[in-house]
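Taking it in order: structure first as structure tokens, then the write-up.
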There are 2 protein chains.
Amino acid sequence: MIRRETKQRETILGILRSTSSHPTTDWIYDEVRKVLPNISKGTVYRNLKVLCEMGLVSELKLNGMVSRYEGRLDSHYHFRCERCGRVSDIDEPVDKELDRRVAVKTGLKISYHQLEFRGLCHDCEAQAKDE
Amino acid sequence: MIRRETKQRETILGILRSTSSHPTTDWIYDEVRKVLPNISKGTVYRNLKVLCEMGLVSELKLNGMVSRYEGRLDSHYHFRCERCGRVSDIDEPVDKELDRRVAVKTGLKISYHQLEFRGLCHDCEAQAKDE
DNA sequence: TTAGGTGCAAAACCTTTGCCATCCC
DNA sequence: GGGATGGCAAAGGTTTTGCACCTAA
């Protein structure tokens with residue numbers, strides 16, 4: 001299937017590339033509407049799916065509530081605040097050797113691993129102290 | 001709030017402790033009904049939530065779609081087949097040192113990390129070859 | 001006795017889909 | 001022109017919730 005360039009798709013991609021947050025579909029929808037007020041939610045969902053297939057954005061699938069997306073493509077780890085749910089990138093080298101080791105040990109075909117740290121972000125920790 | 005012991009809650013906990021699979025709510029519901037045919041799905045959801053709060057079971061969330069639960073409580077890694085969605089435990093020591101290192105580097109309060117390997121399970125790999 | 005728990009059904013949520021008009025190549 | 005895409009709304013699937021009735025402690 002040949003993919004077309006539409007302003008809806010371009011806008012969504014642009015938004016994802018311009019933020020380092022890891023937005024939910026809802027947040028993306030609100031942002032796109034500032035530029036294209038008539039866009040529908042279905043279109044946002046469809047395009048996020050397509051952009052994932054095209055390998056232009058990635059979806060965070062580890063243990064969250066709703067899906068979150070990001071424009072960054074290289075493999076890296078995340079941190080999720082258990083209180084506010086915010087997600088941020090962690091600058092720590094990805095241990096590819098771990099995949100190989102576990103693949104050998106288990107005989108499973110492992111293509112990658114996803115890792116998420118859990119705890120309290122700076123804001124929430126400060127807030128927790130006040131209570 | 002004082003938690004009571006009800007046969008519904010006991011049964012659900014028993015089922016989770018007796019399996020090493022990582023069942024979905026639906027599967028659990030089907031199993032409980034073999035013992036308590038009149039149990040409702042709402043009760044299963046409510047009790048899984050309560051058991052999580054009590055720290056007796058833990059929840060593995062898949063992408064906002066279906067939750068999976070397990071009775072095992074010690075920290076460990078998982079493998080998820082990208083084709084059939086099955087989840088299994090991985091017998092590899094959890095790197096607690098990683099949490100400390102990243103906490104120091106980032107200043108974040110990290111309590112633990114979750115790690116999931118992705119790839120193809122034995123069955124699905126065999127099937128993939130046939131196609 | 002009484003606060004917590006259950007069943008039932010409706011509501012709430014997130015996501016997908018069918019249909020037809022529209023737009024890109 | 002013709003297939004890909006968009007907008008709209010309805011449907012789908014999972015989870016939560018309100019309410020009246022139970023039941024463990």
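Sequence lines set the chain letters: A, B, ... in the order given, protein chains first and strands last, and positions in each chain run from 1.
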I want to know whether A:His113 and A:Tyr77 have ring centres closer than 6.0 Å. yes
Distance in angstrom units between B:Ile28 CD1 and D:dT15 P, rounded: 10 Å
Along DNA chain C (nearest heavy atom to each residue), the more 5'-positioned of A:Asp26 and A:Gly42: A:Asp26
Grab the OH-C1' distance between A:Tyr45 and D:dA11 for me, whole Å please. 15 Å
A:Arg3 side-chain proximity, nearest of C:dC19, C:dG7, D:dT5: D:dT5
Is B:Ser40 close enough to C:dC8 that one of its side-chain N or O atoms is under 4.0 Å from OP1 or OP2 there? no
Is the phosphate of C:dT6, meaning OP1 or OP2, less than 4.0 Å from a side-chain N or O of B:Arg46? no
By nearest nucleotide on DNA chain D, pick out whichever of B:Thr43 and B:Ile2 is the more 5' one. B:Thr43
Are side-chain heavy atoms of A:Leu115 and B:Gln114 found at a separation under 4.5 Å? no
In this structure, how many angstroms lie between the P atom of C:dA11 and the NZ atom of B:Lys41, rounded? 19 Å
Gap between atoms CD and C1', on A:Glu59 and C:dC14 respectively (whole Å): 12 Å
Using the ring of each side chain (for Trp, its six-membered ring), is B:His76 parallel, tilted or perpendicular to B:His22, with breaks at 30° and 60°? tilted
Which atom pair, heavy atoms only, marks the closest approach of A:Lys105 to B:Asp91? NZ-O, 3.2 Å
Do other residues, nucleotides or ligands put more than 12 heavy atoms under 6.0 Å from the CD atom of B:Glu97? yes
Using only side-chain N and O atoms of B:Asn38, determine if any of them is under 4.0 Å from OP1 or OP2 of C:dC8. no
Give the nucleotide from the list C:dT16, D:dG6, D:dT16 with an atom nearest to the side chain of A:Lys49. C:dT16
Nearest-Å distance, CG (A:Asn47) to C1' (C:dC23)? 14 Å
Could you check how far CD1 of A:Ile39 sits from P of D:dC8, rounded to whole Å? 10 Å
Could you check whether the side chain of B:Arg4 and the base of D:dT23 have a donor-acceptor pair of N or O atoms closer than 3.5 Å, going by distance alone? yes
Separation of D:dT23 P from B:Glu10 CD (nearest whole Å): 16 Å
Gap between atoms CG and P, on A:Leu36 and D:dG7 respectively (whole Å): 7 Å
D:dG7 phosphate, OP1 or OP2, under 4.0 Å from A:Gln8 side-chain N/O: yes
N/O (side chain, A:Thr6) to phosphate O (OP1/OP2, D:dG6) under 4.0 Å: yes
